[in-house]
Protein chains: 4
Amino acid sequence: MDKAPAKRDIILDAAIRVFAEKGYSSSRTLDISKEAGVAYGSLYSYFSSKDEILLSIFRERWRILLERIDQINRTLSDPDERFLAIIDFIFRSYQRNPAMMKVLIMDVPRHKEFYTPENWKLYNAFFKALADIFREGQEKEIYNRNISPLIATYCIYGAVDTTIRQYVYNPEFNHEEFPIEQTRQQIVGMLKQGYSKREV
Amino acid sequence: MDKAPAKRDIILDAAIRVFAEKGYSSSRTLDISKEAGVAYGSLYSYFSSKDEILLSIFRERWRILLERIDQINRTLSDPDERFLAIIDFIFRSYQRNPAMMKVLIMDVPRHKEFYTPENWKLYNAFFKALADIFREGQEKEIYNRNISPLIATYCIYGAVDTTIRQYVYNPEFNHEEFPIEQTRQQIVGMLKQGYSKREV
Amino acid sequence: MDKAPAKRDIILDAAIRVFAEKGYSSSRTLDISKEAGVAYGSLYSYFSSKDEILLSIFRERWRILLERIDQINRTLSDPDERFLAIIDFIFRSYQRNPAMMKVLIMDVPRHKEFYTPENWKLYNAFFKALADIFREGQEKEIYNRNISPLIATYCIYGAVDTTIRQYVYNPEFNHEEFPIEQTRQQIVGMLKQGYSKREV
Amino acid sequence: MDKAPAKRDIILDAAIRVFAEKGYSSSRTLDISKEAGVAYGSLYSYFSSKDEILLSIFRERWRILLERIDQINRTLSDPDERFLAIIDFIFRSYQRNPAMMKVLIMDVPRHKEFYTPENWKLYNAFFKALADIFREGQEKEIYNRNISPLIATYCIYGAVDTTIRQYVYNPEFNHEEFPIEQTRQQIVGMLKQGYSKREV
DNA sequence: AATGAATGAGGTTTCATTCAT
DNA sequence: GATGAATGAAACCTCATTCAT
C-alpha cells in the first residue's frame, strides 16, 4: 500500500514546482497534473480542491520544519547553537528546494483560505519555538533581556527570509559576489552582535 | 483640471483597499469600481488593465518611499539618525495605510508582470539607498566593517517588514501586548546592538 | 447653412474609409470620429447610431448610382451603349473610391438592419433598371430572348463585381498583368459574345 | 474514436447555421453552443477561438469544393462538361446548404483574420482550377482566345454567385417565377453564347 | 452645436470541478 | 482508482451611447 501515498506526494511536489513558477492563482490544475504525470481528474482522488493542495503543502511541510526544530532542541542545549542550527536548516532548505520556500513564503500567506485558526496556530508554532529558545537564552543571561522574545524572533526570521528571498527572486542580486555560506555567517554575526561597532 | 487626476487616485486607493482585503487575484475589477464609486468601464479609461493598476500602485507608491529617503538624506547626516528616520517612516506608513503595505509586500512581488528590469531597478533603488547609508557609517567607523552593506540592509528591512507584517496579518499577535512604538525601539536596539548581551 | 451638411458628409466619408479598412463591426465609433476629425459625441448629432451611419452610406451612395443610370438612360438610347456606360461608371467608381465599393458590396448586405423592405426596394431598383435596359434590347431584337432580363442582369453585375473585387482584395491578383481598362473590355466582350468560340 | 470528430463537426455545422442567420460578428459563442447542443466551454476544446471556427469552416469546406473539382476533372475531359458539372455542384451545394454558402461568400471574406497568405492560396486554388479548364478549352480551340482565362473564371463564378445570392437573400426575388434549374441553364447559356443575339 | 468623460451591458474566454467510461 | 471530455459560472475587457459642461 505504498502506491497511493507515493502518488499523493508526487502531486504535492509537482504542485510546489508549478506554484513556485507561476504563483498559485496563475497555476492551473491541468499544469499540476501534467507536471505530476498523472491524469487530470486524479488530482481529485487525493485532494478535494486546488485550495486543499496549497494548504496541504503548508501543513505538511511546515510540520517538517517544526519537527526539525524539536529535533534540534533535543540534540543541542545551547541557545546560540540552536539558532545556528535552525538558520542553517532554513538556508539548506532554500538551497535544496527553493520552490517550496517560494510557495511557503509567497503563496500560502496570501491565500484567503489560509486564514483559519488552525493554520495560524501551526504557523505561529514556529515563532513560539524560536521565542522559547530566545527566552531560555535570556534566562541563561546570554541574551539581552530588554528585547521581547517574540519580537527578537520576528527580526531573526525576517532577516534570514528577506535575504534568502534575494537569492531566489532578485535578478540584480549577484550570487557570485555573495557566496551563500558567507552571507549566512554575516547574518548570524549581525543578529548577535548588531551592526554598530562594539566599543573595545 | 483637478478632476481627472483625482479620479485616477480614487481608483488607485480603492484598488489598494480591495487588493489588501482579498489579494490581487481574488479581487475582481468590479469590486474595485464599486469600492471607488466609479463606473465599471472608467477603470479602463485610467488604466489599461487590472495588471496595470497593480503595477501603478507599486511604481507610484514606491517612488514616494524613495523620495522620502532622499529627503531624509538631505535633512540628516548621521547614519544612525537616518536609519531611525527611515524605519520610523516605514512604521508610520504601516500605521497610516496598512492596506498599501500589504499590497506592496504581498501582492506586487508575487505578480508575474512585476518581473521586468525597470521594476526591479526601482525596487532595488530602495536597498541601494539604505546600503549607501550603511557604507557611510562604516567609513565613519561607527558601523561594523565585517558586514556587507547590502546584506545588512536586507537584515534591517527584513526585521522591520516581518514584524510589521504580524501587526497586519497575524490574528494571534496581540497588538496591546506589543505597543507599536515600543516594538520599533526594540527592533532598532536589537539591530544596532545585537541580541547577545554585551559584555561589560 | 453649408456647415452642418458639410460635417455630415465628412463623417460619412470617414466612416466609409474606416468600414472599408476594418469591416463594419470591427470599426469603432471612436475610429470614425478620429478619422473625421470631429468630436467623439458629434457623431450622434448627425446620426442616431452606428447602424444609421452604415445605412446612410448605402442609401445616399446607392441613390447616386441610380441617378447616374437615369442620366445614362436619358443621354444614350442604344442598350449596348447604356450597358457599356454603366459598367464604365462602376469601374470608375471603384477606381475613384474603392473604399466605398468595399462597404457597399461587403458590409451593407451583411448587416442585419439592412434587411428592411425599403432598403431592398432601393437595392433592387438598380437591378430593375438594368433589367429594363436588357428587356429593351430584347425588344429591339439585339439581345437573346431566351434569357430572363433579371438573370442576365445578375450575371452582368456579378461578373463585373467579382472581377473588381479581385482588384480590391486579392493580394495574389496581379494588377500589372491585368490592366484595368483591358479587363473591362474583356468582360464586356465575354458577356456579349460568350466565351465559346463563334462559328464562322 | 468516432466521437470527438463527430462533435467537432456538430459544432461546425451549428456555427454555419448561426453565422448564416446573424452574420459572424453578431453571432455569440453562446448561440453556437446552444445550436450545437453542447456545453458552452466545449467550443474551446475543439477550437481555440471564435475566429478559428470561422476559418475552419472556410478551410474545410473550401477543400471539399476543390476535391470535387479534382474529381470532376478526373471523370470528365470535355471543358464544357467540366464547367457544367462544377456549376451544377455549386448550385446543388446552395440548395443543400444555403447557410454554408452564405458564410463562405459573405462572412469569410469580410473577416480580418482571413487575410493570410495560406488562406488566399487555398481560396485562389479554386479560380486557378477553373482557369486551367478554360485554358484547355482555348487550346482545344473551343473557347475564345481573346479572353484571359482568369478573367473568364471570375465572370463565370461571379455570374453564378450573384444569381444564387438572390435566392438566398433577396426577398423580392421570386423563387417560383425563376425555377432554379431553369436559371442554371440560362446562366450557362448566357456565359457560353453571350447575351447578344447571334447572327444567323 | 460641440465635447469627451462616464457608463454598464454584453461579449469572449478560462479553468476548477464533475462524472461517465 | 484512473481517465480526460464535458460543464458552465465567472472573470476581464470593449465600446456604443449618453449627458453634463
Side-chain angles (χ1 to χ4, degrees), chain A residues 1 3-4 7-8 11 24-34 36-53, chain B residues 1 3-4 6-8 11 25-34 36-53, chain C residues 1 3-4 7-8 11 24-34 36-53, chain D residues 1 3-4 6-8 11 25-34 36-53:
Chain A
M1 282 302 151
K3 221 177 176 184
K7 200 162 195 175
R8 194 177 182 280
I11 293 170
Y24 174 77
S25 53
S26 299
S27 301
R28 281 156 295 154
T29 49
L30 179 63
D31 296 330
I32 298 172
S33 67
K34 271 186 188 163
V38 303
Y40 197 13
S42 289
L43 265 51
Y44 292 84
S45 303
Y46 296 94
F47 302 95
S48 63
S49 69
K50 193 184 159 192
D51 277 359
E52 185 59 23
I53 295 177
Chain B
M1 282 300 156
K3 222 178 173 180
K7 196 160 201 174
R8 193 177 183 281
I11 293 170
S25 51
S26 299
S27 301
R28 282 163 300 146
T29 48
L30 180 62
D31 296 332
I32 299 172
S33 67
K34 274 186 185 163
V38 303
Y40 193 25
S42 290
L43 263 53
Y44 294 87
S45 303
Y46 294 93
F47 303 94
S48 61
S49 68
K50 193 185 159 191
D51 275 1
E52 186 58 26
I53 295 177
Chain C
M1 284 304 151
K3 222 178 174 182
K7 199 162 195 175
R8 193 177 183 282
I11 293 170
Y24 174 76
S25 52
S26 299
S27 301
R28 279 156 297 152
T29 50
L30 180 63
D31 296 332
I32 299 171
S33 67
K34 272 186 188 164
V38 303
Y40 196 13
S42 288
L43 264 52
Y44 292 85
S45 303
Y46 297 93
F47 303 94
S48 62
S49 70
K50 193 184 158 192
D51 276 0
E52 185 58 25
I53 295 176
Chain D
M1 282 301 156
K3 221 179 176 183
K7 196 160 202 175
R8 193 176 183 282
I11 293 170
S25 51
S26 300
S27 301
R28 283 163 299 148
T29 49
L30 181 62
D31 296 332
I32 299 172
S33 67
K34 273 185 186 162
V38 303
Y40 200 16
S42 289
L43 263 53
Y44 293 87
S45 303
Y46 295 93
F47 304 95
S48 61
S49 67
K50 192 183 159 193
D51 276 2
E52 187 58 25
I53 295 177

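Each chain gets a letter, A, B and so on, in the order the sequences are listed, and its residues count up from 1.
The distance from atom CG of B:D31 to atom P of E:dG8 is 16 Å, rounded to the nearest whole Å. As a whole-Å value, the separation of A:F47 CZ from E:dT18 C1' is 18 Å. For C:I11 and E:dA1, the CD1 to P distance is 12 Å, given to the nearest whole Å. Remark: P of F:dT17 and CD1 of C:I32 are 10 Å apart, rounded to the nearest angstrom. Atom CG of B:L43 and atom P of F:dA11 are 15 Å apart (whole Å). Note: CD (C:E52) to C1' (F:dT18) measures 18 Å, nearest angstrom. In this structure, the CG atom of D:L30 is 14 Å from the C1' atom of F:dA10, given to the nearest Å. Remark: P of E:dG11 and NZ of D:K34 are 11 Å apart, rounded to the nearest angstrom.
Of the possible polar contacts, one joining the C:K50 side chain to the C:Y24 backbone as a donor-acceptor pair under 3.5 Å is found.
The residue among D:R28 and C:V38 whose nearest nucleotide of DNA chain E is located toward the 5' end is C:V38. Place D:S49 and B:A39 on DNA chain E by their nearest nucleotides, and B:A39 ends up nearer the 5' end. Nearest-nucleotide positions on DNA chain F place A:Y40 closer to the 5' end than the other of D:G37 and A:Y40.
Among all heavy-atom pairs drawn from C:S33 and C:A39, the shortest one is CB-O, 3.9 Å. The shortest non-hydrogen separation linking C:Y46 to C:R8 is CD2-CB, 3.9 Å. What you find for B:L43 and B:T29 is that their closest heavy atoms are CD2-O, 3.5 Å. The two residues D:I53 and D:I32 come nearest to each other via the heavy atoms CD1-CD1, 4.5 Å.
Side-chain nitrogen and oxygen atoms of B:S45 include none within less than 4.0 Å of the OP1 or OP2 phosphate oxygen of E:dA6. The side chain of A:T29 places an N or O atom within less than 4.0 Å of a non-bridging phosphate oxygen (OP1 or OP2) of E:dA16. When the side-chain nitrogen and oxygen atoms of A:Y46 are compared with OP1 and OP2 of F:dA2, one or more of them lie within a distance under 4.0 Å. Dashed line: the shortest gap from a side-chain N or O of D:Y44 to OP1 or OP2 of E:dT14 is not under 4.0 Å. Between A:K7 and F:dG1 there is no side-chain N or O to OP1 or OP2 distance below 4.0 Å.
Here the straight-line distance linking atom OH of C:Y40 with atom OG of C:S42 works out to 12.0 Å at 0.5 Å rounding.
Within 4.0 Å (heavy atoms only), D:S33 reaches no atom of the nucleic acid at all. Within 4.0 Å of A:S27, counting heavy atoms only, lie sugar-phosphate atoms of the nucleic acid but no base atom. No engagement by A:S48 is indicated, since no non-hydrogen atom pair under 4.0 Å with the nucleic acid exists.
Base pairing of E:dG4: its partner is F:dC19, meeting the Watson-Crick or G-U wobble criterion (both donor-acceptor distances under 3.5 Å).
Listed candidates were E:dT3, F:dA16, F:dA2. Nearest to the side chain of C:K50 is F:dA16. The A:S42 side chain lies nearest to F:dT3 when the options are E:dT3, F:dT3, E:dT7.
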